[in-house]
Amino acid sequence: MKIIIQRVKQASVSVKEETIAQINTGLLLLVGVGPEDSQEDIDYAVRKIINMRIFSDENDKMNLAIQDIKGSILSISQFTLFANTKKGNRPSFTEAAKPELAKQLYQEFNQKLSAFVSVKEGLFGEDMQISLINDGPVTIILDTKNK
């Protein structure tokens, strides 16, 4: 799995000009699933995201995790994180998982996260518009195959 983690003051997702989910302080996750991903990748990603200390404490040091601040997560599926740009000018997406597997693992990932914090989702496979106010900015790339 490849996940872009963005610390946000707020974020929302719209489909066909209708807002379907929004959060205030928390994390926006852009989640890509690869064909070799498994339950082990989900467990690793959830553990890292839930425990990642990227929110400021009273001394303005990044020392708090999302649960400490009672934040929320907006999770968006994004197969384009597996784009291969090595050849030509048109990215290839053959390195992303097939939609059936990707959807299953994406839903399991969100379900496991929701045991710890409130999780809102985009619509898998839809054309979505994402709005956010990045806080910091803090943007982190998590690759479960590069532990």
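Note that this is a predicted model, so its numbers are computed, not measured. Below, all heavy atoms of this structure are taken into account, side chains as well, without hydrogens, waters or symmetry copies.
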Name the orientation class of the two ring planes belonging to F79 and F93 (parallel below 30°, tilted from 30 to 60°, perpendicular beyond 60°).
perpendicular
What distance separates L30 CG from L74 CG, expressed to the nearest 0.5 Å?
8.5 Å
Whether D37 side chain and D41 backbone form a donor-acceptor pair below 3.5 Å:
no
May I ask you to decide if E40's main-chain N or O and S38's side chain share a donor-acceptor pair within less than 3.5 Å?
yes
For K147, is the NZ atom crowded, meaning more than 12 foreign heavy atoms sit under 6.0 Å from it?
yes
Main chain of A65, side chain of D68: is a donor-acceptor contact present, judged purely on distance under 3.5 Å?
yes
Report whether I130 and L27 are members of the same hydrophobic cluster (ILVMFWY, side-chain heavy atoms less than 4.5 Å apart, transitive linking).
no
Step-by-step side chain to side chain contact (heavy atoms under 4.5 Å, CB included) determination, I5 to I54:
CA-CA 10 Å; I5 302 164; I54 58 174; 4.2 Å; yes
Would a distance-only check, ignoring hydrogens and angles, find a side-chain to backbone donor-acceptor pair under 3.5 Å from D57 to N59?
yes
Residue pair S75 / V31: nearest heavy atoms and the distance that separates them
OG-CG2, 3.7 Å
Identify whether V46 and L101 are in the same connected component of the hydrophobic contact network (ILVMFWY, side-chain heavy atoms under 4.5 Å).
yes
Report the distance from atom CD of Q10 to atom OG of S131, rounding to the nearest 0.5 Å.
9.0 Å
Please tabulate, one pair per line, all N/O donor-acceptor pairs under 3.5 Å involving side-chain atoms of residues 134-143, not counting sequence neighbours.
unit_1 : atom_1 : unit_2 : atom_2 : d
N134   : OD1    : V138   : N      : 3.1
N134   : ND2    : T139   : OG1    : 3.1
D135   : OD2    : R7     : NE     : 3.4
D143   : OD1    : K145   : N      : 2.9

Residue pair I66 / G26: nearest heavy atoms and the distance that separates them:
CD1-CA, 4.2 Å
The test is side chain to side chain contact (heavy atoms under 4.5 Å, CB included); show your working for V8 and I133 and say whether it passes.
CA-CA 6 Å; V8 297; I133 299 175; 5.9 Å; no
Assess whether atom CD of Q111 is packed by more than 12 heavy atoms of other residues, nucleotides or ligands within 6.0 Å.
no
Under a 4.5 Å side-chain heavy-atom rule over Ile, Leu, Val, Met, Phe, Trp and Tyr, are F124 and V13 clustered together?
no
Heavy-atom closest contact (T144 atom, M1 atom, distance):
OG1-N, 2.7 Å
Give, for atom CD1 of I73 and atom CG of L28, the distance between the pair rounded to the nearest 0.5 Å.
10.0 Å
Salt bridge check, K103 against E108: does any charged N sit closer than 4.0 Å to a carboxylate O?
no
To the closest 0.5 Å, what do you measure between CG (D127) and NZ (K16)?
9.0 Å
Examine I23 and M52 and state if one hydrophobic cluster contains both, with Ile, Leu, Val, Met, Phe, Trp and Tyr joined whenever side-chain heavy atoms are less than 4.5 Å apart.
no
Working for side chain to side chain contact (heavy atoms under 4.5 Å, CB included), residues F109 and V119
CA-CA 10 Å; F109 169 71; V119 177; over 6 Å; no
Are Y44 and I49 linked, directly or through other ILVMFWY residues, by side chains that come within less than 4.5 angstrom of each other?
yes
Rounded distance (nearest 0.5 Å) linking atom OG of S77 with atom CG of L29
12.0 Å
Using a cut-off of 6.0 Å, state whether more than 12 heavy atoms not belonging to E36 lie near its atom CD.
no
What's the shortest heavy-atom distance between I3 and A45, and which atoms?
CD1-CB, 3.7 Å
Could you tell me which non-hydrogen atom of Y106 sits nearest to which non-hydrogen atom of G122, and how far apart they are?
OH-N, 3.8 Å
Distance-only donor-acceptor hits, side chain of residues 81-90, under 3.5 Å, sequence neighbours excluded:
unit_1 : atom_1 : unit_2 : atom_2 : d
N84    : OD1    : K86    : N      : 2.9
N84    : ND2    : E95    : OE2    : 2.7

Rounded to the nearest 0.5 Å, what separates atom CD1 in I76 from atom CE in M128?
5.0 Å
Short side-chain donor-acceptor distance under 3.5 Å, Q78 and T80:
yes
Taking the side chain as everything from C-beta on, heavy atoms only, tell me whether K112 gets closer than 4.5 Å to I42.
yes
